[in-house]
Amino acid sequence: MEVNISDLTWVPFIYPRGGKSERTINAYVEALAIGAQFPPIKIQRVFNYAEGDQTTDLPAGRHGATIILDGIHRWFAFKESGIKKIPAVEWKDKPLDYEKNKTALLLEGAKCNISHGDRLNPGDKKRIARDIASTDPECTWTEEALAEKLGVIRQTVNTWISDIRARQRAGRDVIVIRLSWLGWTQEQIAQTIGTSQGRVAQIINNANFGEINNLLSQGRDMDYIAGHYHMDLALVWALRLEGKTDQEKFKELGWGLRTWDQWNFNECDERFGDDWPGRIPAQLIAHTLFYFTKPGDLILDPMAGGGIVPDVCLLFERKCQAFDLAVRDNRSEILCHHWDTRNWKWPITKKPDLIFFDPPYYIKKEKAYREKANENTPSISSYTKEEYERFLKGFFLLAHKNAKPTTSMAFLNADWRDFESTPASKEKPDKSITIFDYHRLLSKTGWEVTHRIECPLSSERLSGNQVQRMQDKRILGTVGRTLLIAKRS
Ligand SMILES: C[S@@+](CC[C@H](N)C(=O)[O-])C[C@H]1O[C@@H](n2cnc3c(N)ncnc32)[C@H](O)[C@@H]1O
């Protein structure tokens, strides 16, 4: 069959690669110009797809679309060549519920891409396997099923996702140990997991993970040990590193210790924290803890996202209280709390030694955070510039009121400039928020900035073509990210 190019939708979640290849598209455009024939693309009609249209052949109110499972490069090439119709085959002959089938759709797309076209590279496959595992706590997708779809052996899938699965399978005892290491009282733990305080005490007293060193000396790796104990990797590492100095821990984790105030970490260390929009590298937090806290100190993470701060606190034997408006079953240590300008509440009684505050960078990733939030508890990334500044001012004041004289604030943020399609010289400064504004807000609310540490993002996320387009238009991007350390003044 042939379908209209304009009726098809490209859903980035279903597309199995990190990015599309302009080189492949250009090659296809050239081939089309000399009359080459291409095999049909693979498509699927879906309903219950939030960004789709209300099509007539679907039950009323069910937003639908025809999405591309395989053949994105051919689709772009046909579009660029001005061709209106493209040969296509349907995967299933009936429309599917998008929300219920999105993992199956992603895997079908991946399966098509392992045998032809720009084949998926191991990094793409690993990303898909990890994305699926983290959104599938019931383990509906077995390692065998993922291996078959991704065209790799089961053992490979196992090394990619064993830490995620171990965390998902973590039993109650492991949760108790984790929370107790993070400084929760037995009473708080008992309340959270729904058991008696006596039972919590018993679990803590009987915990015995002495075998870890034996397993290591037998050549077992940390992933194996995490699976063996049904534990997340952060806790296994914390147990392995217990009692060592901070510097020894950096060494064992394979992290070089930065001596100067420029902290470049290109990649997030996948052993720690969950995949999360705006996830930050574990090393950035480890350095903050190294320079500005000591073992046993209490760290507050008001917007904990994927849980990287609690994980690093476990490793470095700091206590931690973490909150976010979005919480998950596999992260009992992150409690639900919505910071709200209309109703400020401070959720902890003990005063923290350090507040590690990593809020959304103004409206960057607005859509991703909106999906995690809901109408009554909106993310601050949906605020106007004025509301966002008012929020931060209110938060800094509240934190100041509830801090000790010695409490530090580690505030991470980036310049936000409206540079998307605007040449640098035409940007409107009234639309931007920069580190100078954050500095001003901290100073006004009783915090004195003592350090400014640059922790830039990697610029490699952009393709050569995107960079070329920016250069052609004289657009000046931003990869800066700054950590401000402040003390109560
Ligand atoms: C930049 S992310 C934190 C990322 C985290 N440090 C990590 O590496 O995974 C910011 C977080 O703030 C949360 N958030 C935004 N507005 C909030 C609010 N008003 N109250 C509580 N959490 C909020 C979002 O849900 C998001 O998880």
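Counting starts at 1 for both ligands and their atoms, in listed order.
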Assess the side chains of N158 and E143: does a donor N or O sit below 3.5 Å from an acceptor N or O?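 Yes, a side-chain donor-acceptor pair sits under 3.5 Å.
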If we ignore angles and hydrogens, is there a donor and acceptor under 3.5 Å between the side chains of K487 and S408?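 Indeed, the side chains of K487 and S408 share at least one donor-acceptor pair under 3.5 Å.
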Taking side-chain contact (heavy atoms from CB on, under 4.5 Å) as the test, write out the residues that go with M222, two or more places apart.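 side-chain contact (heavy atoms from CB on, under 4.5 Å) list for M222, sorted by chain: L216, I225, L233, V236, W237, R240.
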Parallel, tilted or perpendicular: which one describes the rings of F250 and H287, with boundaries at 30° and 60°?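 Ring orientation, 0 to 90° scale: perpendicular.
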Using a threshold of 4.0 angstrom between heavy atoms of the protein and any atom of ligand 1, which residues qualify?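 For ligand 1, the residues that come within the 4.0 Å heavy-atom cutoff are W276, G278, R279, I280, M303, A304, G305, G306, I308, D324, L325, H337, H338, W339, D358, P359, P360, Y369, P378, S379, I380.
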Over-ring placement of R318 relative to F316, 6.0 Å and 45° cut-offs: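 No, cation not above the ring by the 6.0 Å, 45° rule.
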Cation-aromatic face contact K372/W276, 6.0 Å, 45 degrees: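 Judged by the rule, K372 and W276 form a cation-pi pair.
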